[in-house]
Amino acid sequence: MNSKTSNETFLEPELPLYLFFALIMASFTRAASQTLRAASRRAPRALAVSAAQPTQRASFSLLARAAAAKAAQNSAPQGARGVKTLDFAGTKETIYERADWPLAKLQDYFKNDTLALIGYGSQGHGQGLNARDNGLNVIVGVRENGESWRQAMEDGWVPGKTLFPIEEAINKGTIIMNLLSDAAQSQTWPTLAPLITKGKTLYFSHGFSVVFDKDTHVIPPKDVDVILVAPKGSGRTVRTLFKEGRGINSSIAVWQDVTGKAQEKAIALGVAVGSGYMYETTFEKEVYSDLYGERGVLMGAIQGLFLAQYQVLRKNGHTPSEAFNETVEEATQSLYPLIGQKGMDYMFNACSTTARRGALDWAPVFEKANLPIFEKLYQSVRDGTETRKSLEYNGRSTYREDLQKELDEIDNQEIWRAGKVVRSLRPDYKGEE
Ligand SMILES: NC(=O)c1ccc[n+]([C@@H]2O[C@H](COP(=O)([O-])OP(=O)(O)OC[C@H]3O[C@@H](n4cnc5c(N)ncnc54)[C@H](OP(=O)(O)O)[C@@H]3O)[C@@H](O)[C@H]2O)c1
């Protein structure tokens, strides 16, 4: 067995847990290629817009150059289908579409605005470049000469013209898009708040700062609209989908509506930054579901689950390559894409009857084992425990190095070292960088 890292020690008490990924892995063996039956139930095609894209590793400048020629043209909405009320498994919800905002309308709507994008991490990069390619007046505000400043310059933001120190950008902007890290939003708030004057709009991509105001102390001025557009994916995906002429799904919400136009502005900004469909939510619901999901199945749970399954295989004498293939490679390369395309039953149907029988038997076992953990996780989000941890860790001056150290530990786990070799054998392998 591989040597135990501190991360493994942390996860070990919860090893037999985690929901549906385990059911896939526990039962799937050699059967994936058999009967791809046409699934009788299909999601409406128009909504199938958010298939995850692999993280793009190209440099910012490459991304910007590749995008520049095509993006504005690609992003021009086709047709004008408008607002939709859709029935989601018995619950009616209102969805807003990019198709309702042709480019000319979007540009006209923001003709008197300057979008001041504060922070240039993953979201700043994706949202900023998309809004710029949509022909809007966008400026970036980041710490002068920091890492983000350098990356913004690589993407073609020009110091003194479209790239400014944070305070200066806020003074110039009418729509202040706070895309600093959540910890930095809290730390910088005392300095930034007085600059967000009447008539400006305050925009977030996460409900974190204002919902957990007892911990963050971010209390917006009473005389500005406060809105949210939260893309449901990494900023890299926001950019990639836009360049492909598609759009990411985003949640939109209003915290404070002073002008009576806050919601309309949120929808328009959602389109501006590259959303295809926008789902209504509240700041509270957005932050609770987001913190919960990323700690759960999206990131934390999947790492714990992969590791648990891998360790049992290794303990029982399976080789690293066999353990990795049966845990990660078949999941990510063969089965999860099928779930993404047409749902869980479609993936089940693509597997052997042996695999299906086992998966159907084990799914409820994993569900039962996991439910208390998910309940505990949700409570930890609701009561602010997760927020306080995040503020404490990510508020350190050494936050980048500290996080990287823990990520390096994961990278160094046997499972992921074995994975590098397995990936290198893929027919389409092009290297890791
Ligand atoms: N990433 C996602 O997948 C995602 C998805 C949806 C929503 N969101 C939300 O979008 C917002 C931005 O997230 P992100 O992932 O793009 O950014 P991030 O990586 O969390 O934050 C990076 C930015 O924060 C700046 N920053 C950090 N500490 C600072 C400080 N003390 N003073 C000034 N600037 C500081 C960095 O500048 P330096 O380079 O100068 O340090 C950088 O520009 C967050 O609210 C996040 O929750 C993120």
Side-chain angles (χ1 to χ4, degrees), residues 50 52-53 55-56 60 116-130 140-155 157 163-170 176-192 195 202-212 216 218 226-241 248-253 255 269-270 273-275 278-279 281 283 286-295 298-299 381 386-387 390-404 407:
S50 65
Q53 299 294 306
T55 305
Q56 187 149 352
F60 283 152
L117 212 107
I118 308 304
Y120 204 73
S122 152
Q123 288 298 326
H125 161 82
Q127 296 188 28
L129 292 181
N130 291 354
V140 171
V142 287
R143 285 195 279 210
E144 211 168 356
N145 300 322
E147 177 60 18
S148 295
W149 183 276
R150 191 190 63 71
Q151 288 177 348
M153 279 178 61
E154 269 193 42
D155 284 353
W157 305 96
L163 176 61
F164 300 95
I166 293 175
E167 287 85 348
E168 207 178 330
I170 296 180
I176 312 305
M177 301 170 70
N178 196 333
L179 297 177
L180 295 171
S181 73
D182 295 309
Q185 290 180 22
S186 168
Q187 285 176 337
T188 57
W189 188 245
T191 319
L192 305 192
L195 308 177
L202 182 56
Y203 166 112
F204 293 95
S205 282
H206 203 2
F208 190 100
S209 288
V210 293
V211 171
F212 290 109
T216 63
V218 174
V226 182
I227 58 178
L228 170 139
V229 176
K232 295 290 107 183
S234 135
R236 300 282 142 181
T237 318
V238 171
R239 184 62 178 154
T240 312
L241 289 177
I248 190 128
N249 285 343
S250 294
S251 297
I252 56 158
W255 180 259
L269 282 165
V273 301
S275 314
M278 286 147 286
Y279 295 71
T281 187
F283 272 63
E286 190 281 332
V287 70
Y288 299 154
S289 60
D290 192 74
L291 294 178
Y292 174 75
E294 67 203 8
R295 280 152 183 73
L298 300 180
M299 294 170 69
V381 168
E386 299 302 314
T387 296
S390 171
L391 288 172
E392 201 257 301
Y393 279 86
N394 298 326
R396 295 175 187 166
S397 59
T398 53
Y399 81 98
R400 279 182 195 270
E401 298 82 6
D402 293 348
L403 287 173
Q404 195 52 51
L407 292 178

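Order of listing sets the numbers, starting from 1, for every ligand and every atom in it. Side-chain atoms are counted along with the backbone in the values below, which use heavy atoms only and exclude waters and symmetry mates.
Remark: ligand 1 atoms within the under-4.0 Å shell around heavy atoms of G119 are 43 (O). Listed by atom number, the atoms of ligand 1 under 4.0 Å from Q187 heavy atoms are 31 (N). Per-residue contacts place A184 under 4.0 angstrom from the following atoms of ligand 1 (heavy atoms of the residue considered): 26 (N), 27 (C), 28 (N), 29 (C), 30 (C), 35 (C). Ligand 1 places these atoms under 4.0 Å from at least one heavy atom of D182: 44 (C), 45 (O), 46 (C), 47 (O).
Note that CG of L195 is 8.5 Å distant from CD1 of I176, once rounded to the nearest 0.5 Å. Atoms CD and CZ, on Q123 and R239 in that order, are 13.0 Å from each other to the nearest 0.5 Å. A distance of 5.0 Å separates CD in Q127 from CE in M177, rounded to the nearest 0.5 Å. To the nearest 0.5 Å, atom CG of residue L391 and atom CZ of residue R396 are 12.0 Å apart. Here OG1 of T237 is found 11.5 Å from CG of N249. Values are rounded to the nearest 0.5 Å.
Which of R150, E147, R143 comes nearest to atom 41 (O) of ligand 1 through a heavy atom is settled by distance: it is R143. One option in S234, S122, S251 has a heavy atom closer to atom 3 (O) of ligand 1 than any other, and that option is S234. Summarising the contacts of atom 37 (O) of ligand 1 with G121, G124, S148, S397, the nearest heavy atom is found in S148.
Close N/O approach between N178 and ligand 1 is not found [any backbone or side-chain N/O within under 3.5 Å].
Of all protein heavy atoms, the one lying nearest to atom 7 (C) of ligand 1 is S205 O, 3.3 Å. Shortest contact from atom 11 (C) of ligand 1 to any protein heavy atom: L180 O, 3.8 Å. Looking only at heavy atoms of the protein, atom 12 (C) of ligand 1 is closest to L179 O, 3.3 Å. Looking from atom 24 (O) of ligand 1 to the surrounding protein, the closest heavy atom is S181 N, 3.1 Å. Among protein heavy atoms, the minimum distance from atom 4 (C) of ligand 1 is reached at Q123 NE2, 3.2 Å.
Looking at S251 and T281, their side chains never bring a donor and an acceptor atom within 3.5 Å of each other. Side-chain contact of S209 with Q185: a donor-acceptor pair under 3.5 Å is present, judged by distance alone.
Heavy-atom distances between F208 and ligand 1 stay at or above 4.0 Å for every pair. In this structure, R400 is part of the shell of residues with a heavy atom less than 4.0 angstrom from ligand 1. Taking 4.0 Å as the cut-off, G233 counts as a neighbour of ligand 1 on heavy-atom distance. For the ligand labelled ligand 1, residue A230 lies outside the 4.0 Å heavy-atom shell. Judged by the shortest distance from any of its heavy atoms, Y399 lies inside the 4.0 Å radius around the atoms of ligand 1.
Contact detail for G395 and A183: the closest heavy-atom pair is N-CB, 3.7 Å.
Contact annotation for Q151 and ligand 1: no heavy atom of the residue comes within less than 4.0 Å of the ligand. Contacts of Q185 with ligand 1, taken as heavy-atom pairs under 4.0 Å, involve the side chain alone.
Ring-plane geometry between Y120 and H125 is classed as perpendicular, the angle between the planes exceeding 60 degrees on a 0 to 90 degree scale with a lower cut at 30. Ring geometry for F208 versus F212: interplanar angle over 60°, hence perpendicular rather than tilted (30 to 60°).
A donor-acceptor pair under 3.5 Å is absent between the side-chain atoms of T398 and the main chain of E401, judged by distance alone.
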Q: Show your working on side-chain contact (heavy atoms from CB on, under 4.5 Å) between Y203 and V229 and close with a plain yes or no.
A: CA-CA 7 Å; Y203 166 112; V229 176; 3.4 Å; yes

